[in-house]
Amino acid sequence: MPLTHISIRAGKSETFRQAVFDSLHQAMHETFDVPKDNQFMTISEHPVSDFRYGANYLGIRRSDDLVMIQITANNTRTLEQKKQMFKRIAELLVLHAGVRSEDVFVNLVEVDKANWSLGHGVAQYA
């Protein structure tokens with residue numbers, strides 16, 4: 001049950017935003033076994049003054065086309081699945097959205113399954 005928040009600089013096209021959504025979901029489906037209809041994602045666009053990043057942190061040359069992705073998911077995946085997901089996200093964003101792999105920043109936040117309520121005020125996974 002991933003919940004995905006994406007941050008980008010303002011000005012990207014709807015086609016670009018949809019390619020990002022589709023690429024992320026495909027990567028999570030392939031590597032995390034996320035069901036096809038399990039799509040809970042948002043994109044936030046930020047003006048230049050509200051979008052800051054380390055342009056060369058860890059020797060990776062990022063550009064203003066940086067896509068910052070935060071995925072909150074159950075803490076049930078292996079290290080290998082996580083590595084596969086990071087790699088596949090970058091591959092698909094390059095292929096479908098034209099994002100340079102250097103501009104793909106992903107943060108995975110893992111939570112216990114009991115920490116979700118998907119509607120009706122019920123902890124469905126508890």
Side-chain angles (χ1 to χ4, degrees):
M1 174 57 231
L3 175 62
T4 304
H5 299 287
I6 304 144
S7 295
I8 58 176
R9 292 248 324 245
K12 297 294 185 188
S13 70
E14 180 178 348
T15 301
F16 174 84
R17 293 189 309 271
Q18 293 307 311
V20 170
F21 279 143
D22 294 343
S23 296
L24 286 171
H25 184 66
Q26 181 180 340
M28 290 187 289
H29 177 70
E30 291 176 5
T31 61
F32 270 27
D33 299 317
V34 173
K36 286 281 188 186
D37 65 341
N38 186 338
Q39 297 192 41
F40 297 90
M41 297 184 254
T42 62
I43 289 182
S44 300
E45 293 187 277
H46 304 274
V48 174
S49 62
D50 295 338
F51 193 83
R52 185 184 290 189
Y53 59 92
N56 293 300
Y57 183 68
L58 294 178
I60 301 168
R61 296 176 93 38
R62 295 170 192 84
S63 76
D64 288 343
D65 292 324
L66 181 67
V67 177
M68 289 190 272
I69 302 158
Q70 185 170 59
I71 301 168
T72 303
N74 293 331
N75 58 355
T76 57
R77 274 63 177 219
T78 66
L79 177 59
E80 189 57 36
Q81 283 178 295
K82 294 171 198 178
K83 289 178 177 182
Q84 289 173 358
M85 184 191 64
F86 296 144
K87 180 180 180 184
R88 192 64 177 142
I89 287 172
E91 291 171 348
L92 292 172
L93 286 177
V94 167
L95 182 64
H96 298 297
V99 177
R100 298 175 333 122
S101 63
E102 296 91 339
D103 288 327
V104 179
F105 181 106
V106 183
N107 170 240
L108 176 62
V109 178
E110 295 181 296
V111 298
D112 187 77
K113 290 179 84 169
N115 292 342
W116 298 94
S117 175
L118 308 176
H120 301 296
V122 175
Q124 284 84 359
Y125 297 141

Roughly how far, to the nearest 0.5 Å, is [atom2] of [Y] from [atom1] of [X]?
X: Q18; Y: K12; atom1: CD; atom2: NZ; result: 15.0 Å
X: R52; Y: M68; atom1: CZ; atom2: CE; result: 11.0 Å
X: R61; Y: D103; atom1: CZ; atom2: CG; result: 12.0 Å
X: R17; Y: I6; atom1: CZ; atom2: CD1; result: 11.0 Å

Does [X] belong to the same Ile/Leu/Val/Met/Phe/Trp/Tyr cluster as [Y], with side-chain heavy atoms less than 4.5 Å apart forming each link?
X: V94; Y: V20; answer: no
X: F105; Y: I69; answer: no
X: F21; Y: I89; answer: yes

query = Is the count of non-hydrogen atoms from other residues, nucleotides or ligands lying under 6.0 Å from F16 atom CZ greater than 12?
reply = yes
Closest non-hydrogen atom pair, [X] against [Y]:
X: A114; Y: A123; answer: O-CB, 4.2 Å
X: H46; Y: S7; answer: NE2-OG, 3.5 Å
X: A27; Y: L92; answer: N-CD1, 3.7 Å
X: P35; Y: H25; answer: O-CE1, 3.2 Å
X: L66; Y: R62; answer: CD1-CD, 3.9 Å

Kindly indicate whether the side chain of [X], heavy atoms from C-beta on, has any atom under 4.5 Å from the side chain of [Y].
X: M85; Y: I71; answer: yes
X: V67; Y: I8; answer: yes
X: E110; Y: K82; answer: yes
X: V99; Y: D65; answer: no
X: M28; Y: T4; answer: yes
X: T31; Y: K83; answer: no

Give the table of side-chain donor-acceptor pairs shorter than 3.5 Å for residues 37-44, with sequence neighbours excluded, one pair per line with atom names and distance.
residue	atom	partner	partner atom	Å
Q39	NE2	K36	O	3.1
T42	OG1	H5	ND1	2.9

key: Backbone of F32 reached by a side-chain donor or acceptor of R77 within 3.5 Å   = yes
query = Taking the side chain from E45 and the backbone from G11, do they hold a donor-acceptor pair closer than 3.5 Å?
reply = yes
query = Restricting to pairs with a member in residues 113-126, which pass side chain to side chain donor-acceptor pair (under 3.5 Å), not counting sequence neighbours?
reply =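 Passing the test, one end in residues 113-126: N74-W116.
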ask   = Does a donor on one side chain and an acceptor on the other come within less than 3.5 Å for Q26 and E30?
value = yes
inquiry  = For R9, give me all partners under side-chain hydrogen bond (donor to acceptor under 3.5 Å, both in side chains), at least two apart in sequence or on another chain.
reply    =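 Only D64 meet the side-chain hydrogen bond (donor to acceptor under 3.5 Å, both in side chains) criterion with R9.
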